[in-house]
Amino acid sequence: MVRFKNRYVLCEVLSEDPRCRQCIEDRAVGLAVRDAIARAHGDYGLGCCCVSFTVKYLNAYTGTVLLRCRKDFQSLLSSALPLVRHLEGRGQRFPCALRTLHVGGTIRTCQKFLIQHNRRQLQLLLRSCTSEEERRSVRQAVLSCSLEEEQPQSEEEEEEDDGAETD
């Protein structure tokens with residue numbers, strides 16, 4: 001069995017229209033990138049890149065996109081990304097651009113980079129605050145962005161779980 005090495009390209013969707021991030025979908029990003037590759041490199045580039053090209057992760061709230069392609073054709077993908085000028089979603093067309101943040105060999109390295117990138121962005125945001133009230137509101141917003149805790153189980157469900165474990 002032959003294993004092909006992949007590269008993961010971490011990008012950020014830049015748009016002046018705030019509705020853009022709310023309406024983007026992984027399918028729309030994939031189509032826009034394929035279209036840009038076809039315009040930049042023709043059928044040959046499209047055929048090479050689209051063999052294993054896929055959108056692995058999309059966070060519409062932060063505008064973060066993770067793209068996967070084969071290692072051999074990563075340069076074709078990277079050179080076509082600046083040609084993405086708009087995304088279509090829900091019947092509308094939004095002007096935007098894709099900015100490459102990181103290219104990694106694994107999803108894990110891209111995740112590590114994204115954590116460091118977000119920390120740096122948060123530090124820059126806190127430094128740009130002019131008053132203590134702004135700093136407090138930014139900190140509160142960050143602290144409020146946590147996963148929801150699971151609802152506690154009722155006593156009957158806990159007893160059923162304990163009974164199942166002793167069998």
Side-chain angles (χ1 to χ4, degrees), residues 1-130 134 137-139 141-142 144-147:
M1 182 170 123
V2 177
R3 287 187 54 127
F4 294 101
K5 293 192 176 193
N6 293 316
R7 287 292 176 254
Y8 297 89
V9 181
L10 184 65
C11 300
E12 181 180 27
V13 177
L14 303 173
S15 177
E16 293 179 4
D17 190 357
R19 296 176 299 156
C20 177
R21 286 189 178 173
Q22 297 170 356
C23 296
I24 60 174
E25 299 171 347
D26 55 350
R27 183 173 176 267
V29 173
L31 290 174
V33 171
R34 283 187 178 100
D35 182 51
I37 293 170
R39 282 185 283 132
H41 303 291
D43 291 337
Y44 172 76
L46 186 62
C48 291
C49 287
C50 289
V51 171
S52 69
F53 173 78
T54 184
V55 178
K56 294 300 283 183
Y57 173 76
L58 170 69
N59 188 333
Y61 296 107
T62 61
T64 305
V65 180
L66 186 65
L67 308 172
R68 182 190 75 188
C69 69
R70 285 212 181 138
K71 179 182 177 182
D72 299 335
F73 307 115
Q74 180 266 321
S75 60
L76 293 176
L77 174 66
S78 295
S79 64
L81 287 178
L83 300 177
V84 174
R85 295 288 177 221
H86 64 274
L87 293 174
E88 293 182 15
R90 298 181 185 162
Q92 296 179 336
R93 181 180 255 189
F94 299 101
C96 69
L98 290 179
R99 180 174 70 166
T100 302
L101 297 175
H102 181 72
V103 178
T106 63
I107 293 175
R108 184 166 172 84
T109 60
C110 292
Q111 288 174 332
K112 287 179 180 180
F113 173 83
L114 189 58
I115 290 168
Q116 292 299 321
H117 174 73
N118 288 338
R119 283 184 181 154
R120 286 190 300 268
Q121 294 297 96
L122 182 60
Q123 289 173 353
L124 289 173
L125 182 63
L126 286 173
R127 272 192 232 138
S128 67
C129 292
T130 56
E134 285 181 8
S137 65
V138 168
R139 286 186 184 124
V142 169
S144 69
C145 296
S146 62
L147 296 174

For the atom pair [atom1] ([X]) and [atom2] ([Y]), what is the distance rounded to the nearest 0.5 Å?
{"X": "Asp72", "Y": "Arg7", "atom1": "CG", "atom2": "CZ", "value": "9.5 Å"}
{"X": "Asp26", "Y": "Asn59", "atom1": "CG", "atom2": "CG", "value": "12.0 Å"}
{"X": "Phe53", "Y": "Arg34", "atom1": "CZ", "atom2": "CZ", "value": "5.5 Å"}
{"X": "Leu67", "Y": "Leu98", "atom1": "CG", "atom2": "CG", "value": "7.5 Å"}
{"X": "His102", "Y": "Gln116", "atom1": "NE2", "atom2": "CD", "value": "11.5 Å"}
{"X": "Glu25", "Y": "Leu58", "atom1": "CD", "atom2": "CG", "value": "9.0 Å"}

Practice prompt. Let me know which of Val9, Val65, Val55, Leu77 forms a side-chain contact (heavy atoms from CB on, under 4.5 Å) with Val33.
Written response: Leu77
Worksheet entry | Among Leu114, Thr64, Thr62, Leu101, the one residue meeting side-chain contact (heavy atoms from CB on, under 4.5 Å) with Glu12 | Leu101
Worksheet item: More than 12 non-hydrogen atoms from neighbouring residues, nucleotides or ligands closer than 6.0 Å to CD on Gln121, yes or no?
Response: yes
Discussion item. A quick test of your reading: do over 12 heavy atoms of other residues, nucleotides or ligands sit less than 6.0 Å from CZ of Arg108?
Written reply: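 For Arg108, atom CZ is not crowded (no more than 12 foreign heavy atoms under 6.0 Å).
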Worksheet entry | Check against side chain to side chain contact (heavy atoms under 4.5 Å, CB included), Val103 and Thr100 | CA-CA 8 Å; Val103 178; Thr100 302; 4.2 Å; yes
Worksheet item: With sequence neighbours excluded, what pairs up with Arg27 under the salt bridge (charged side-chain N to carboxylate O under 4.0 Å, His left out) test?
Response: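 Salt bridge (charged side-chain N to carboxylate O under 4.0 Å, His left out) check on Arg27 returns nothing, list empty.
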Practice prompt. Take Tyr8 and Lys56 through the side chain to side chain contact (heavy atoms under 4.5 Å, CB included) test and state the conclusion after the steps.
Written response: CA-CA 9 Å; Tyr8 297 89; Lys56 294 300 283 183; 4.1 Å; yes
Quick check: closest heavy atoms across [X] and [Y], and the distance to 0.1 Å?
{"X": "Leu87", "Y": "Ala28", "answer": "CD2-O, 4.0 Å"}
{"X": "Arg70", "Y": "Asn6", "answer": "CA-OD1, 3.9 Å"}
{"X": "Phe73", "Y": "Cys49", "answer": "O-SG, 3.8 Å"}

Discussion item. Whether the side chain of Arg68 engages the backbone of Ser52 through a donor-acceptor N/O pair (distance < 3.5 Å, no angle test) should be reported.
Written reply: yes
Discussion item. Test of understanding: with side-chain hydrogen bond (donor to acceptor under 3.5 Å, both in side chains), list the residues that count as partners of Glu88, not counting sequence neighbours.
Written reply: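 Glu88 satisfies side-chain hydrogen bond (donor to acceptor under 3.5 Å, both in side chains) with Arg93 once adjacent residues are dropped.
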Worksheet item: Side chains of Phe4 and Lys71: does their closest heavy-atom pair fall under 4.5 Å?
Response: no
Item to complete: List the steps, then state whether side chain to side chain contact (heavy atoms under 4.5 Å, CB included) holds for Arg85 with Cys96.
Response: CA-CA 5 Å; Arg85 295 288 177 221; Cys96 69; over 6 Å; no
Practice prompt. Just do the side chain to side chain contact (heavy atoms under 4.5 Å, CB included) check on Val84 and Val29 with the steps written out, would you?
Written response: CA-CA 9 Å; Val84 174; Val29 173; over 6 Å; no
For residues 35-42, tabulate all N or O donor-acceptor pairs below 3.5 Å that involve a side-chain atom, not counting sequence neighbours.
unit_1: Asp35; atom_1: OD2; unit_2: Arg39; atom_2: NE; d: 3.4
unit_1: Arg39; atom_1: NH2; unit_2: Leu83; atom_2: O; d: 3.1
unit_1: His41; atom_1: NE2; unit_2: Leu76; atom_2: O; d: 3.3
unit_1: His41; atom_1: NE2; unit_2: Ser79; atom_2: OG; d: 2.8

